[in-house]
Amino acid sequence: MTMDFNSPDFGSRAPVPAPKPPSVWKQSAVLVGGFVLVLYVIEIIDVISGQNVQNAGVSPRTLDGLWGILFAPVLHDDWAHLIANTIPVLILGYLVLVSGISRGLAATGIIWVIGGVGTWLVAGANTNHVGASVLIFGWVTYLLTRGFFTRSFGQILIGVVVFVIYGGVLWGVVPSTPGVSWQGHLFGAVGGVVAAWALSSGDRANRAGATTPARPATF
C-alpha cells in the first residue's frame with residue numbers, strides 16, 4: 001500500500017463538533033438560582049455579624065446611605081423577610097431572564113438603580129431600607145408592560161399570567177404596613193416600567209420604520 005504525502009487529506013482528522021452552549025432556559029435557571037444562593041449566604045453572614053451587615057441598606061439623603069443603592073436589594077432584615085422574597089425572586093427573575101439574558105440583566109440593573117435612588121430621595125429620614133422586594137416589584141411591572149411596548153403577543157400573555165398571580169402585590173406601592181418600605185416598592189415598580197420602555201426602543205423604531213410611507217423621489 002502506498003501513501004501520498006502530498007494529499008491534502010493526509011494527516012487530517014474529522015472535525016470535532018463544538019460543544020453546544022447551554023440553552024437560555026438553563027442559563028436563566030443557573031443565574032437566578034445563584035443569585036438566591038448569594039442572598040442566603042449574605043443573610044448567614046449578617047446573622048454571624050449580629051445583624052450589622054443589614055445596616056448597609058439605603059439610608060435616605062445621607063452620603064453613607066448612597067452605598068445602600070448598591071447593596072440594599074441583597075440585604076434582608078431577618079430570615080422571615082428573605083424566605084418571603086425567595087419564591088417571587090426565583091419565579092419572576094427567571095421569567096425576566098428567559099426571554100433574553102442580556103436584556104433581562106439590563107432590566108434588572110435599571111430597576112436596581114431607579115428603585116434605590118428613588119428610595120434615597122423620598123423615604124423618611126433615619127430609616128434603613130433593605131430587601132429584594134425592590135426587584136420583585138420592578139420585575140412585576142416590567143413583565144406586565146413590556147409586551148405593550150414590544151407588541152409581542154407572547155410577552156403580553158406572560159404579563160397577563162403575572163398579573164393574575166402577582167398583581168395583588170402592587171398594593172404595596174402605597175403606605176400601609178409600618179416598617180415596610182413602600183418607597184422601595186414604588187420606585188422599583190417605576191424602574192420596571194422605565195426598563196420595559198427603554199429596552200423596547202429597537203422594537204418601536206422598527207415599527208415606526210415599517211409604517212412610515214416612502215417619500216417620492218424628486219429629480
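Remark: Asn52 pairs with Ser49, Asn55 by the side-chain contact (heavy atoms from CB on, under 4.5 Å) rule, at least two apart or across chains. For Ile101, the side-chain contact (heavy atoms from CB on, under 4.5 Å) criterion is met by Val24, Gln27, Ser28, Leu31, Leu97, Leu105, not counting sequence neighbours. In this view, Val161 and Ile165 satisfy the side-chain contact (heavy atoms from CB on, under 4.5 Å) rule, not counting sequence neighbours.
Between the Ser152 side chain and the Gln155 main chain, a donor and an acceptor come within less than 3.5 Å of each other. Side-chain N or O atoms of Arg61 include one that pairs as donor or acceptor with a backbone N or O of Ala123 at under 3.5 Å.
Note: the hydrophobic cluster containing Val193 does not contain Phe163 (ILVMFWY, side chain heavy atoms under 4.5 Å, direct or indirect links). Leu63 and Val122 fall within a single hydrophobic cluster, where Ile, Leu, Val, Met, Phe, Trp and Tyr side chains are chained together by heavy-atom contacts under 4.5 Å. There is a path of hydrophobic side-chain contacts, each under 4.5 Å, that joins Leu170 to Val89.
Evaluation of the side chain to side chain donor-acceptor pair (under 3.5 Å) test over residues 71-82, restricted to residues two or more places apart or in two chains, returns Gln54-Asp77, His76-Asn85. Identified under the side chain to side chain donor-acceptor pair (under 3.5 Å) test for residues 29-42, with sequence neighbours left out: Tyr40-Thr86. Applying the ring-ring contact (aromatic ring centres under 6.0 Å, His included) definition to pairs two or more places apart or across chains, those involving residues 97-143 are Phe137-His185.
Between the CD atom in Glu43 and the CD atom in Gln51 there is a gap of 7.0 Å [rounded to 0.5 Å]. Summarising the geometry, atom CG belonging to Leu92 is positioned 10.5 Å from atom CG belonging to Leu135; distances are rounded to the nearest 0.5 Å. For the atom pair OG1 (Thr150) and CD1 (Ile156), the distance works out to 7.0 Å, reported to the nearest 0.5 Å. Separation of atoms CG (Leu75) and CG (Leu82) is listed at 10.5 Å; rounding is to 0.5 Å. Atom OG of Ser59 sits about 9.5 Å away from atom CG of Leu66, to the nearest 0.5 Å.
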